[in-house]
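Report on the structure given below.
Every heavy atom of this structure was used, including side-chain atoms; hydrogens, water molecules and symmetry mates were not. What you see is a predicted model; the values in this text were computed from it and never measured. Every number for a ligand or one of its atoms is a count from 1 in the order of the listing.
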Amino acid sequence: MPTNDQPRPIVIFDTTLRDGEQSPGCSMNLEEKLEVAQALVDLGVDVIEAGFPIASPGDFEAVREIARTVRGSTICGLARCNEKDIDRVWEALRDAPDARIHVFLATSAIHREFKLRMGKEEIIQRAIEGVKRAKGYCDNIEFSPEDAARTEPDFLCSVVEAAIDAGATTVNIPDTVGYATPSHFAGVIKNLINRVPNIDRAVISVHCHDDLGLAVANSLAAVENGAGQIECTINGIGERAGNCSLEEVVMAMRTRNDHYHTTTKIHTPRLVPTSRLLSNITGLVVQRNKAIVGRNAFAHEAGIHQDGMLKERTTYEIMRPEDVGFTQTDLVLGKHSGRAALSDRAKALGYHITSEQLQQVFDEFKKLADKKKEVYDADIAALIEKRMTVAGDQWQLVAYEVHATGRAEPTVSVTLKRGDDEQSRTVTGGDGPLDALFRAIEEITGTSVVVRDFRVHSVTRGKDAQGESTIEVEHQGRVYRGRGVSTDTVEAATLAFLNAVNRAAGGGGQSVSGERPDMV
Ligand code: KIV
Ligand code: ZN
């Protein structure tokens with residue numbers, strides 16, 4: 001590969017809102033998707049894959065709204081290689097000033113034989129037709145031979161060549177099942193560069209899944225061998241074990257620039273705020289020891305390390321916490337802080353809120369500051385998120401009461417409101433007060449669910465900390481996650497359950513088995 005002094009620009013294609021949202025329990029409502037899309041623009045991603053419009057009316061609506069309102073990144077939508085999908089994706093994307101259509105078709109022998117029941121020639125024909133149809137709508141076309149990492153190398157070359165000839169400007173090489181290893185995947189990319197005659201007319205992209213924990217390593221191996229675009233997600237969320245993590249791959253290239261000699265447009269101090277925003281929205285907690293954005297990523301415990309750090313930081317630190325967006329202290333506001341300070345903090349945390357939302361959050365903040373002496377960033381994020389989930393939900397909690405004494409059966413009353421419809425139920429018995437509260441909510445909403453996972457943890461430190469509850473429920477074979485925050489943990493759990501039930505009633509969750517029936 002030619003080398004010169006300029007680092008090679010790598011396109012960062014974020015698929016948090018498409019592949020990421022496909023992971024069980026990660027579904028987001030429209031408002032949440034818009035919030036994430038704006039945060040991705042602020043982060044500096046080149047391309048935002050906003051969804052798969054044919055998959056559901058909700059997906060269509062989200063892609064259309066993002067295309068209409070989000071500015072600063074290319075907006076991309078996914079389609080299978082057929083007319084209906086492609087026409088629909090364009091209907092959703094047409095208002096974006098800078099749009100990309102992403103069409104995909106499986107190419108590996110296993111997928112050809114068992115999923116598509118198509119021969120090689122038919123696949124090539126279908127790929128050409130799909131790319132050409134998409135090209136009729138816009139210039140910027142990405143083509144993905146799904147399961148490319150397990151596709152016969154000769155056939156992969158033929159499909160890629162045909163797609164480029166038909167007009168693809170980016171050819172994306174997915175390791176759909178996370179099967180590749182770094183040297184194998186490097187070979188796949190090298191082979192394409194050496195053998196596809198028109199390869200210089202397209203950007204080579206890679207899309208690696210993390211089933212063997214190798215998604216970042218495989219993506220980096222591909223970059224070393226000429227790939228010019230990486231597909232990734234915030235916190236690495238995605239199908240099964242997830243996708244290549246944006247923060248890890250970007251920081252690997254940045255920190256080891258001596259080795260990769262590449263550059264991206266990512267504004268790295270936005271990495272932690274964006275990671276937290278997504279985690280707050282989805283309820284999917286980032287593991288403490290997660291590289292780059294985990295709470296412990298920069299915590300030095302061993303005495304020998306602390307000693308070294310005090311003498312010279314670089315003895316044990318290869319990146320500075322502030323480079324990825326960790327701040328020295330997150331204690332920011334108290335009860336005398338004003339609206340401007342809250343607004344500043346909200347912006348620094350990655351939220352874009354209207355003045356009406358700011359007023360609502362400010363009112364809640366004042367109540368919280370009365371209860372808690374110290375209000376941390378995480379508290380502020382929780383208040384903002386609470387506003388967003390409530391705004392997107394149908395049924396809202398008006399009041400609840402719990403009578404539970406010793407061994408006597410608990411009695412609870414719940415009042416919910418949806419528009420003008422206000423309803424109350426009293427339930428006695430069950431497995432404790434929470435069980436009774438959940439049953440009362442199910443009765444009012446008419447939506448029954450099975451709880452798969454339920455957690456409560458404190459948002460910040462201290463006995464007066466707000467409790468955050470996350471809950472995962474199953475409804476009609478689909479998984480939904482809910483989240484609630486309050487200084488009262490029973491209220492937090494009730495809000496989380498109601499949030500999950502509202503999502504379940506709205507539909508669109510991910511299938512329990514993790515299958516992608518709509519991707520076949
Ligand atoms: O994993 C995969 O193959 C995909 C394609 C649609 C790019 O997500
Ligand atoms: Zn994928």
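Aromatic ring centroids of F104 and F143 lie 6.0 Å or more apart.
Residue D19: an N/O/S atom is found under 2.8 Å from the Zn ion (ligand 2).
Checked against side-chain contact (heavy atoms from CB on, under 4.5 Å), D139 has the following partners two or more places apart in sequence or in another chain: K135. Every side-chain hydrogen bond (donor to acceptor under 3.5 Å, both in side chains) that D323 has, sequence neighbours left out, goes to R320.
Against a heavy-atom cut-off of under 4.0 Å, H209 is close to the following atoms of ligand 1: 1 (O). The atoms of ligand 1 that sit less than 4.0 Å from any heavy atom of T176 are 1 (O), 2 (C), 3 (O). Using a 4.0 Å cut-off to heavy atoms of E146, the atoms of ligand 1 that qualify are 3 (O).
The number of heavy-atom neighbours closer than 6.0 Å to CZ of R201, taken from other residues, nucleotides and ligands shown, is above 12.
Among heteroatoms of the N, O or S kind in H209, NE2 lies nearest the Zn ion (ligand 2).
With F60 as the aromatic partner, R88 meets the cation-pi criteria of under 6.0 angstrom to the ring centre and within 45 degrees of the ring axis. Taking the ring axis of F155 as reference, the NZ or CZ atom of R112 stays within 45° of it and closer than 6.0 Å to the ring centre.
Residue D147 places no N or O, backbone or side chain, under 3.5 Å from any N or O of ligand 1. The N/O atoms of S144, backbone and side chain alike, include none that comes under 3.5 Å of an N/O atom in ligand 1.
For atom 6 (C) of ligand 1, the candidate residues are H111, R18, H207; the nearest heavy-atom contact is made by R18.
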